[in-house]
Amino acid sequence: MPQSRRRPGGRTARIREQVLDAVLAELGEGGYDGLTMEAVATRAGVHRATVYRRWGDVGGLLADVLDAAGDDAWQPPDTGSLEGDLAALNHEIQDALTAQPPIMGALIAASFRSDKADHAQRRLWEDRYARCEAIVHRAIRRGELPPHTDARPLLIAATAPVYHHLVLLRTPADPGLPGRAARTAALAASAGAFDGTPPSGDT
């Protein structure tokens with residue numbers, strides 16, 4: 001789940017921390033439609049003029065929350081096997097999507113209502129997928145996958161069922177889904193389904 005960035009010292013850093021924490025709390029209680037600059041300022045204990053001056057509007061607040069979420073030390077799971085890593089990653093995603101209050105779901109929904117939030121969320125997804133490519137690179141080094149396996153399509157195939165069921169279909173969380181999706185993707189990848197070898201003649 002996105003968490004606001006923690007930086008030691010400085011009034012500006014403290015205000016940012018208070019405001020981003022307030023945004024997350026307001027999202028959890030009222031979703032995007034209940035998020036206002038005034039409510040955030042009141043919860044954060046900050047003058048609303050300060051909030052308007054720095055963040056401009058609700059979209060600016062959401063974008064900063066998402067950007068802050070990408071400035072962390074998170075690394076993908078390392079269980080010692082491709083299937084294990086993908087399953088652990090899917091469990092993290094499922095836990096975040098089903099957590100209460102539903103912060104992650106609210107941020108995803110907000111990205112469809114705010115251009116600023118949309119761009120920030122795209123940056124966050126790009127960051128997370130880039131970090132998760134280490135899962136595939138480790139599997140290649142262990143000999144689990146063909147050398148030219150394309151990491152990004154494999155990661156998308158492994159995680160997509162979790163997002164599809166919980167975000168699109170809105171079905172209850174299935175404890176077995178993260179492992180099944182991981183197993184399917186790992187088997188397909190080991191068979192060469194995500195071969196990224198350039199076509200003959202390409203450099």
Side-chain angles (χ1 to χ4, degrees), residues 1-10 13-14 16-28 55 60-111 114 116-142 144-145 149-167 173-175 177-179 181-183 185-186 189 194:
M1 185 183 302
Q3 297 291 328
S4 58
R5 183 159 32 185
R6 299 293 190 265
R7 288 183 175 177
R14 289 196 300 273
R16 182 172 186 246
E17 178 182 324
Q18 291 168 214
V19 169
L20 296 191
D21 283 347
V23 173
L24 291 172
E26 290 291 323
L27 270 180
W55 286 276
L61 287 170
L62 291 167
D64 202 16
V65 166
L66 288 161
D67 284 339
D71 187 21
D72 60 11
W74 180 87
Q75 292 297 320
D78 186 358
T79 66
S81 74
L82 174 64
E83 183 178 330
D85 289 352
L86 294 175
L89 178 63
N90 278 346
H91 277 292
E92 287 191 28
I93 294 170
Q94 182 159 275
D95 288 346
L97 285 170
T98 57
Q100 294 297 324
I103 300 296
M104 188 171 178
L107 287 169
I108 291 173
S111 71
S114 163
K116 292 178 182 177
D118 176 49
H119 294 319
Q121 185 151 250
R122 290 172 187 268
R123 290 193 295 270
L124 180 59
W125 289 133
E126 180 64 30
D127 170 76
R128 286 299 190 253
Y129 275 115
R131 296 191 201 191
C132 287
E133 288 180 4
I135 290 174
V136 180
H137 298 156
R138 290 195 301 256
I140 291 173
R141 290 196 298 270
R142 289 192 298 261
E144 293 182 84
L145 294 175
T149 299
D150 195 341
R152 190 64 58 92
L154 168 52
L155 292 167
I156 292 173
T159 59
V162 179
Y163 288 108
H164 188 90
H165 279 269
L166 294 177
V167 178
D174 176 355
L177 176 61
R183 188 175 309 112
F194 302 101

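Here the structure is a predicted model, which means the values were calculated and not measured.
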Check your understanding: Step by step, would you call V19 with D64 a side chain to side chain contact (heavy atoms under 4.5 Å, CB included)?
Key -> CA-CA 10 Å; V19 169; D64 202 16; over 6 Å; no
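- Rounding to the nearest 0.5 angstrom, the gap separating the CD1 atom in I135 from the CD atom in Q75 is 10.0 Å.
- Between the CG atom of L66 and the CD1 atom of I108 there is a distance of 10.0 Å, given to the nearest 0.5 Å.
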Which atom pairs, donor and acceptor, lie under 3.5 Å between side-chain atoms of residues 155-163 and protein residues at least two apart or in another chain?
unit_1	atom_1	unit_2	atom_2	d
T159	OG1	Y129	OH	3.3
T159	OG1	L155	O	2.9

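- Of the possible polar contacts, none joining the Q121 side chain to the S111 backbone as a donor-acceptor pair under 3.5 Å is found.
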Point to revise | L27/L62 under side chain to side chain contact (heavy atoms under 4.5 Å, CB included): CA gap, chis, key distance, verdict | key: CA-CA 10 Å; L27 270 180; L62 291 167; 3.7 Å; yes
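- In this structure, the separation between NZ on K116 and CG on D67 is 12.0 Å, given to the nearest 0.5 Å.
- Comment: R123 does not engage D127 in a salt bridge, judged by the lack of any side-chain N to carboxylate O separation of less than 4.0 angstrom.
- A salt bridge between R128 and D72 is present, with a side-chain N of the basic residue lying under 4.0 Å from a carboxylate O of the acidic one.
- Here the straight-line distance linking atom SG of C132 with atom CH2 of W125 works out to 10.5 Å at 0.5 Å rounding.
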Exercise for review: Might you work through the side chain to side chain contact (heavy atoms under 4.5 Å, CB included) test for Q94 and N90, ending with a clear yes or no?
Suggested key: CA-CA 6 Å; Q94 182 159 275; N90 278 346; over 6 Å; no
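- Heavy-atom minimum distance, W74 versus P77: CZ2-CD, 4.4 Å.
- Counting non-hydrogen atoms of neighbouring residues, nucleotides and ligands closer than 6.0 angstrom, the CZ atom of R122 reaches no more than 12 such neighbours.
- The shortest heavy-atom contact between R16 and A68 is NH2-CB, 3.8 Å.
- L82 pairs with exactly one of T79, L86, D85 by the side chain to side chain contact (heavy atoms under 4.5 Å, CB included) rule, that one being L86.
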